[in-house]
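Only a predicted model underlies this, so the values are computations on that prediction, with no experimental measurement involved. Below, chains carry the letters A, B, ... as their sequence lines are ordered, and counting in each starts from 1. As a basis for the values below, the full set of heavy atoms in this structure was taken, side chains included, without hydrogen atoms, waters or symmetry mates.
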There are 2 protein chains.
Amino acid sequence: MPQRHQHQVRRRLRDNVSRWTQPRDVILDILARTKKHLSAKEIYDTLYSTHPGIGLTTVYRTLELFHRLGVVQKVTSPDGQSRYQLRSEGSQEHHHHLICIRCGKIIDYQDFAEEELKLVGKTEQVLSQKHNFLILDHNIEFLGLCEKCRKETQKS
Amino acid sequence: MPQRHQHQVRRRLRDNVSRWTQPRDVILDILARTKKHLSAKEIYDTLYSTHPGIGLTTVYRTLELFHRLGVVQKVTSPDGQSRYQLRSEGSQEHHHHLICIRCGKIIDYQDFAEEELKLVGKTEQVLSQKHNFLILDHNIEFLGLCEKCRKETQKS
DNA sequence: TTACTAATGAAAATGATTTTCATTTTCTCT
DNA sequence: AGAGAAAATGAAAATCATTTTCATTAGTAA
Ligand SMILES: [Mn+2]
Ligand SMILES: [Mn+2]
Ligand SMILES: [Zn+2]
Ligand SMILES: [Zn+2]
């Protein structure tokens, strides 16, 4: 939605990469148009209709690049694939996840953010010292069944 | 270490399974002898010296079984493999993880447990309602580089 | 012991991600 | 605008963890 943000991100990427290419632009665009967490395959499928020339390999490489530059958040789902979401500014900034162990769906939430931030900060400080561990990121996630899978599980 | 616990667990498993087999017994034993989080392959390698007859497939099936019965905790590591740890009683009961994104090492921690439990409980209640999501488990994890990988990363 | 099947193991299949390498594209410098 | 260097790409093959298939083995109740 916020097209301004997409421009900011694109500028930021251009500045940290030696060449800005069409695949990168297209993939960024797809990520910017959704709030969902997409898998490489899902992005590739979306791409394919308009840009059949772009390969799945490039999708993987680009997502990895975006992730390395901190523009994209990568979530390793227990369903065996990684999913990617553009980091957005402002309100949606800090959030965590509900992950469906059956279909891999990821739901964002940001309830109790202040409280959580306080606890995480404190914990992070203590742990990095105690274990001489360089903490780069943290996840809080609730695993279970989404509404759809909950129903489908009952039947079988 | 606490051999008593292993017996309790074995009894609990026997009661919920139609047959108790040698592979299951051996795998449980390996899990009970360590505090680490082991991958299927690591368990298989350990097994191989004394029981070359047991196959990797059975290791996977057994771990999945133990996990389904709640005896083993399964952690999906961003390094692409799952790791398994026997749930222990008492002190180690409730804990979370530091995960190395380079080598997959998992470190347990249980600092600020009370505080965390309070926050998680509250969050769980609110989220399961709001999203009609059946919450089965939660993870709090810090991702980064363990001491060893931290050093090895500097060199290269 | 026997008979019934759950459980197993070997091999093949799957599926996500990575690697390889020849070709294309971007971008800087005329 | 055009040329050249090197980064980026894409197709195909390789990896690698996990799952499936199916013929054989081994717990267990009678
Ligand atoms: Mn998210
Ligand atoms: Mn643990
Ligand atoms: Zn689901
Ligand atoms: Zn490490």
Starting from [atom2] on [N], measure out to [atom1] on [X] and report it in whole angstrom.
{"X": "Tyr44(B)", "N": "dA17(D)", "atom1": "OH", "atom2": "P", "value": "13 Å"}
{"X": "Asp45(A)", "N": "dA16(C)", "atom1": "CG", "atom2": "P", "value": "11 Å"}
{"X": "Leu56(B)", "N": "dT18(D)", "atom1": "CG", "atom2": "P", "value": "9 Å"}
{"X": "Gln22(A)", "N": "dA7(D)", "atom1": "CD", "atom2": "P", "value": "21 Å"}
{"X": "Asp25(B)", "N": "dA26(D)", "atom1": "CG", "atom2": "C1'", "value": "15 Å"}
{"X": "Ile27(B)", "N": "dA7(C)", "atom1": "CD1", "atom2": "C1'", "value": "12 Å"}
{"X": "Leu65(B)", "N": "dA6(C)", "atom1": "CG", "atom2": "P", "value": "14 Å"}
{"X": "His51(B)", "N": "dG9(C)", "atom1": "NE2", "atom2": "P", "value": "11 Å"}

message: Whether the side chain of Arg19(A) and the base of dA6(D) hold a donor-acceptor pair under 3.5 Å is what I'd like checked.
response: yes
message: Any donor-acceptor pair, under 3.5 Å, between the side chain of Arg61(A) and the base of dG10(D), if you only look at N and O atoms?
response: yes
- request: Decide whether Ile107(A) and Leu143(A) are clustered together by the hydrophobic rule: side chain heavy atoms of Ile, Leu, Val, Met, Phe, Trp, Tyr closer than 4.5 Å, transitively.
  value: no
- prompt: For the side chain of Arg10(A) and the backbone of Asp25(A), is there at least one donor-acceptor N/O pair under 3.5 Å apart?
  reply: no
task: Examine distances only and state if a side-chain atom of Arg83(B) and a backbone atom of Ala40(B) form a donor-acceptor pair shorter than 3.5 Å.
output: no
- request: Determine the sole option in Leu134(A), Ile135(A), Thr123(A) for which the side chain to side chain contact (heavy atoms under 4.5 Å, CB included) test with Ser128(A) is passed.
  value: Ile135(A)
Qualifying residue, where the test is side chain to side chain contact (heavy atoms under 4.5 Å, CB included) with Arg11(B) and the options are Leu13(B), Asp15(B), Val9(B): Asp15(B)
Ignoring the backbone of [X], work out which of [options] is nearest its side chain.
{"X": "Ala40(B)", "options": "dG10(D), dT18(D), dG9(C)", "result": "dT18(D)"}
{"X": "Ser82(B)", "options": "dA8(D), dG10(D), dT18(D)", "result": "dT18(D)"}
{"X": "Thr57(B)", "options": "dA7(C), dA17(D), dA11(C)", "result": "dA11(C)"}

For a quick test of reading the model: is some side-chain N or O of [X] closer than 4.0 Å to OP1 or OP2 of [N]?
{"X": "Tyr60(A)", "N": "dT17(C)", "result": "yes"}
{"X": "Thr21(B)", "N": "dG27(D)", "result": "no"}
{"X": "Ser18(B)", "N": "dT28(D)", "result": "no"}

